[in-house]
2 protein chains.
Amino acid sequence: MTGDDEFAIAPDWLDGETKALEAPHDHRAELRLWLRLLTCSTLVESEVRRRLREEFDSTLPRFDLMAQLERAPDGMVLGEVSRRMMVSPGNITVLVERLTESGHLSRATLPTDRRVQIIALTAFGRAEFEKMAARHADWISDLFAGLAPADGGVLMDELAKLKRSVIASLARGA
Amino acid sequence: MTGDDEFAIAPDWLDGETKALEAPHDHRAELRLWLRLLTCSTLVESEVRRRLREEFDSTLPRFDLMAQLERAPDGMVLGEVSRRMMVSPGNITVLVERLTESGHLSRATLPTDRRVQIIALTAFGRAEFEKMAARHADWISDLFAGLAPADGGVLMDELAKLKRSVIASLARGA
DNA sequence: CGGAGAAACTTCAAGCTTAAAATTGTTTTT
DNA sequence: AAAAACAATTTTAAGCTTGAAGTTTCTCCG
């Protein structure tokens with residue numbers, strides 16, 4: 001799923017008009033696009049993970065979890081965190097355990113519904129997160145620095161279209 | 001690192017000319033772009049994982065490994081696989097163990113250099129992979145179906161620029 | 001030749017991730 | 001007010017991933 005070998009085949013979409021005449025199921029163009037997308041995100045993600053570990057002895061999931069909590073000063077329900085991060089609930093349980101042990105998070109049971117756990121950043125956790133977030137923004141800025149502002153805008157728009165396409169397909173499948 | 005909340009702030013690059021006058025380190029635009037990129041690739045990747053599991057009781061790493069081997073009929077050295085997949089060598093060891101047990105892969109020690117392991121798809125492995133690859137191509141095609149061919153082309157180009165930017169940044173940092 | 005060093009891989013410890021099963025607690029039906 | 005259904009989490013088993021440390025096997029220089 002990684003690699004993006006780029007073996008110089010002309011993409012189909014250069015001549016969309018002849019497309020209907022081609023082999024019935026030629027999915028090469030989409031596959032190449034997907035591979036390139038994945039390569040980009042893998043490159044960035046690995047670098048972010050590496051730096052979080054080196055500079056903060058932390059991990060991306062922990063950073064993400066704290067990022068979700070940052071804009072919820074009154075805390076957030078576990079299930080909501082799980083949905084927003086798009087990971088399984090069991091995953092959150094483990095992350096929260098560790099971040100609570102290390103003093104970054106506080107947790108409390110909702111008195112009116114004792115099934116519900118609410119977590120929030122502690123003052124310490126917030127301070128740590130802010131340090132990490134500032135560096136994180138610098139890293140991303142560096143990695144994207146070679147992209148002209150106009151290209152960034154185009155990419156934003158095209159990715160929005162892709163996202164819509166993917167979500168529509170997932171909805172059809174469900 | 002996931003989510004892409006889209007809280008409707010006008011991107012910086014809409015007016016690149018005033019950029020120099022803004023706050024010294026406003027990285028919001030890049031962050032938003034990164035988040036959106038990550039959202040797209042996470043959505044696609046999760047769906048592919050889910051279907052590999054449901055339809056083939058397999059996983060993405062296994063599929064990727066077999067994909068690398070597919071175009072190397074004479075087999076490939078472990079280290080080369082590791083580099084192409086951009087994962088750690090120790091990772092490949094484990095994957096190869098399991099795929100060899102299940103009969104998908106054969107492995108052999110190079111006689112002239114007994115440190116080197118060469119792996120290749122077995123006939124069974126190749127047949128299994130071809131089934132998976134065909135379905136995989138269909139899934140991606142579906143997920144990307146809502147993207148017009150012209151948009152696909154633009155996205156290819158813009159992602160190429162982003163990839164260059166990231167690689168350049170990584171090279172600077174090294 | 002003989003050892004230093006490099007190369008290819010494996011092992012290890014720790015952490016992330018998921019789906020499915022199990023718990024605990026609440027709500028809705030009879 | 002049981003019973004059944006539903007909800008929020010946690011637990012469990014299995015697999016992926018990494019960096020670092022360890023092993024085996026070459027290679028090369030003196």
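Here is how names work: the chains are called A, B, and so on, in the same order as the sequence lines, proteins then strands, and each is numbered from 1.
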Whole angstrom is fine here: how far is it from [atom1] in [X] over to [atom2] in [N]?
X        : N      : atom1 : atom2 : result
A:Glu97  : C:dC16 : CD    : P     : 11 Å
B:Met76  : C:dA8  : CE    : P     : 15 Å
A:Glu80  : D:dA7  : CD    : P     : 16 Å
A:Gln117 : C:dT24 : CD    : C1'   : 11 Å
A:Asn91  : D:dT11 : CG    : P     : 14 Å
B:Arg98  : D:dT17 : CZ    : C1'   : 12 Å
A:Arg51  : D:dT18 : CZ    : P     : 18 Å
A:Leu52  : C:dG15 : CG    : P     : 16 Å

Would you mind telling me which of [options] lies closest to the side-chain atoms of [X]?
X        : options                : result
A:Thr93  : C:dT10, D:dT9, D:dT25  : D:dT9
B:Val77  : C:dC16, C:dC9, C:dA19  : C:dC9
B:Arg62  : D:dG15, C:dC16, D:dT25 : D:dG15
B:Arg115 : C:dC9, C:dA6, C:dA19   : C:dA6
B:Leu95  : C:dC16, C:dT10, D:dC16 : D:dC16
B:Arg107 : C:dT26, C:dT10, C:dG15 : C:dT10

key: Test: A:Glu101 and A:Arg98 ion pair at under 4.0 Å   =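 The answer is no: the pair does not qualify as a salt bridge.
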query = If you measure from the Lys or Arg side-chain nitrogens to the Asp or Glu carboxylate oxygens, is any gap between B:Glu47 and B:Arg50 under 4.0 Å?
reply = yes
Just checking [X]: base, sugar-phosphate only, or nothing, at a heavy-atom cut-off of under 4.0 Å?
X       : value
A:Thr59 : sugar-phosphate
A:Glu54 : nothing
A:Gly79 : sugar-phosphate

ask   = For the residue pair A:Phe124 and A:His104, does the interplanar ring angle fall in the parallel (under 30°), tilted (30 to 60°) or perpendicular (over 60°) class?
value =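 A:Phe124 vs A:His104 ring planes: tilted.
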query = Taking the nucleotide of DNA chain D with the closest heavy atom to each, which residue, A:Arg53 or A:Arg83, is nearer the 5' end?
reply =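 The residue closer to the strand's 5' end, by nearest nucleotide, is A:Arg83.
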task = For B:Pro111 and for B:Pro89, locate the closest nucleotide of DNA chain D by heavy-atom distance; then report the residue assigned to the nucleotide nearer the 5' terminus.
result =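 Its nearest nucleotide being more 5', the pick is B:Pro89.
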query = Should B:Val154 and B:Leu143 be counted in the same cluster of Ile, Leu, Val, Met, Phe, Trp and Tyr side chains packed under 4.5 Å apart?
reply =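 In one cluster: no.
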key: Check: A:Phe63 ring centroid to A:Phe56 ring centroid under 6.0 Å   =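 No: the rings miss the under 6.0 Å criterion.
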ask   = If you find the nucleotide of DNA chain C closest to A:Ile92 and the one closest to B:Leu78, which residue's nucleotide is nearer the 5' end?
value =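 The 5'-side residue here is B:Leu78.
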